[in-house]
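I have placed the structure first, in the form of structure tokens, so that the comments after it can refer back to it.
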Amino acid sequence: MSGPKSTIVELRQYTLKPGRRDDLIALFEREFVESQEEQGMALIGTFRDADDPDRFVWLRGFPDMESRARSLAAFYGGPVWKANRNAANDTMLDSDNVLLLRPAWDGLEFREGGRGMVFATIHYFDAPVNGEVIAAFRNHPADLVAACVAETAENSFPALPVRAGENVFVTFAFSPNPPPPGLAGRIKKSETLRLLPTARSRIRA
């Protein structure tokens, strides 16, 4: 992924008003890509949920939690968001479904490009993900775009809520990616998002 390394990643799932997804995507890609990147954020990927016509999913990255706070304050306090926030918010029913993540191991970066659909699988655990779980995923063959675990630091920009206390391991892949067999009894539940990249997604078809 070009630009600053993203050691903090937001997985953002928006529930939209019926029939408004393309309206939001058009606005987002026209107004909110360069304006966020100019504040030091990485727009990693933007997607239509293939199984929910009223869900928009996107990934936003930051070098660290401190820069996240600065960048978000600059963007949401700046002229582009102020000029377009009413139009954006008018498409949404909920924008608080946000997981704050970090790469599961050093050297793992989101890869640009792709071959179509992206499968984002969220595995939930009863306890924080430990080194044994991470090693199991790391040694499990998969066509990964990236893999992340929950970031446990306090939300550095409270004006935007995140889902706190979630013990998750999240994989992003170009094909369905079942978990390592040895973890089957330890995973509380899993959910897979089948994501179709939008025209300006860095992870794209």
Side-chain angles (χ1 to χ4, degrees), residues 1-14 33 36-37 41-52 55-65 68 97-153 162-163 166-205:
M1 181 64 58
S2 61
K5 182 178 179 180
S6 295
T7 62
I8 300 296
V9 176
E10 295 174 347
L11 170 57
R12 310 187 65 86
Q13 300 182 56
Y14 290 179
V33 176
Q36 292 187 79
E37 291 178 339
M41 297 176 265
L43 273 291
I44 297 169
T46 48
F47 309 94
R48 293 174 172 88
D49 187 320
D51 299 306
D52 185 342
R55 178 153 52 182
F56 172 63
V57 180
W58 61 297
L59 295 160
R60 176 165 62 183
F62 309 86
D64 50 52
M65 290 294 281
R68 175 178 178 267
N97 185 354
V98 181
L99 287 172
L100 199 58
L101 307 170
R102 58 181 171 81
W105 53 83
D106 290 340
L108 186 63
E109 285 285 304
F110 282 88
R111 292 190 278 130
E112 291 189 17
R115 294 181 297 282
M117 184 175 288
V118 175
F119 296 79
T121 302
I122 306 169
H123 302 288
Y124 295 85
F125 293 81
D126 285 323
V129 173
N130 59 25
E132 180 184 353
V133 171
I134 292 172
F137 276 101
R138 188 170 188 175
N139 295 325
H140 182 57
D143 187 15
L144 290 179
V145 181
C148 296
V149 296
E151 171 56 55
T152 58
V162 301
R163 291 162 54 186
E166 298 280 11
N167 302 310
V168 297
F169 191 102
V170 185
T171 61
F172 302 88
F174 290 124
S175 59
N177 183 34
L183 296 180
R186 300 176 61 176
I187 296 173
K188 183 169 61 174
K189 68 173 182 176
S190 299
E191 60 178 314
T192 296
L193 306 174
R194 301 190 313 135
L195 304 176
L196 298 169
T198 68
R200 297 198 64 190
S201 179
R202 289 178 182 266
I203 303 171
R204 60 192 181 275

Q.
Working note: L183 + F169, criterion side chain to side chain contact (heavy atoms under 4.5 Å, CB included); need CA distance, chi angles, decisive distance, verdict.
A. CA-CA 12 Å; L183 296 180; F169 191 102; over 6 Å; no

Q) Considering the options T198, I44, L43, L11, which one meets the side-chain contact (heavy atoms from CB on, under 4.5 Å) requirement together with W58? A)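 Considering T198, I44, L43, L11, a side-chain contact (heavy atoms from CB on, under 4.5 Å) with W58 is found only for L43.
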
Give, for atom [atom1] of [X] and atom [atom2] of [Y], the distance between the pair rounded to the nearest 0.5 Å.
| X | Y | atom1 | atom2 | answer |
| --- | --- | --- | --- | --- |
| D49 | F56 | CG | CZ | 11.5 Å |
| L193 | D52 | CG | CG | 9.5 Å |
| E10 | M41 | CD | CE | 8.5 Å |

Looking at [X] and [Y], what are the two nearest heavy atoms and their distance?
| X | Y | value |
| --- | --- | --- |
| L101 | C148 | CB-CB, 3.7 Å |
| A127 | N167 | O-CB, 3.2 Å |
| A104 | I134 | O-CG2, 3.6 Å |
| A42 | S6 | CB-OG, 3.7 Å |
| V133 | N130 | N-OD1, 3.0 Å |

Q) Can you check side chain to side chain contact (heavy atoms under 4.5 Å, CB included) on R102 and T7, steps first, answer last? A) CA-CA 5 Å; R102 58 181 171 81; T7 62; 5.8 Å; no

So, do [X] and [Y] sit near enough that their side-chain heavy atoms are less than 4.5 Å apart?
| X | Y | answer |
| --- | --- | --- |
| R186 | E132 | yes |
| L196 | F47 | no |
| F119 | R194 | yes |
| F174 | V118 | yes |
| M65 | L100 | yes |
| I187 | F125 | yes |

Q: Check whether any side-chain N or O of S201 sits under 3.5 Å from a backbone N or O of G45 as a donor-acceptor pair, and report yes or no.
A: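 Judged by distance alone, no pair lies under 3.5 Å.
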
Q.
Any side-chain to backbone donor/acceptor pair from H140 onto P181? Under 3.5 Å, distance only.
A.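 No.
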
Q | NZ/NE/NH1/NH2 to OD/OE distance under 4.0 Å, E151 and R68 | A |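 Here E151 does not pair with R68 in a salt bridge, since their nearest N and O are not under 4.0 Å apart.
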
Q: For the pair F137 and H123, name the ring-plane relationship: parallel under 30°, tilted 30 to 60°, perpendicular over 60°.
A: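 Correct class here is tilted.
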
(Q) Is it the case that the side chains of N177 and T171 hold a donor-acceptor pair, with the cut-off being a distance below 3.5 Å and no angle test? (A)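 The criterion, which ignores hydrogens and geometry beyond distance, is satisfied for N177 and T171.
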
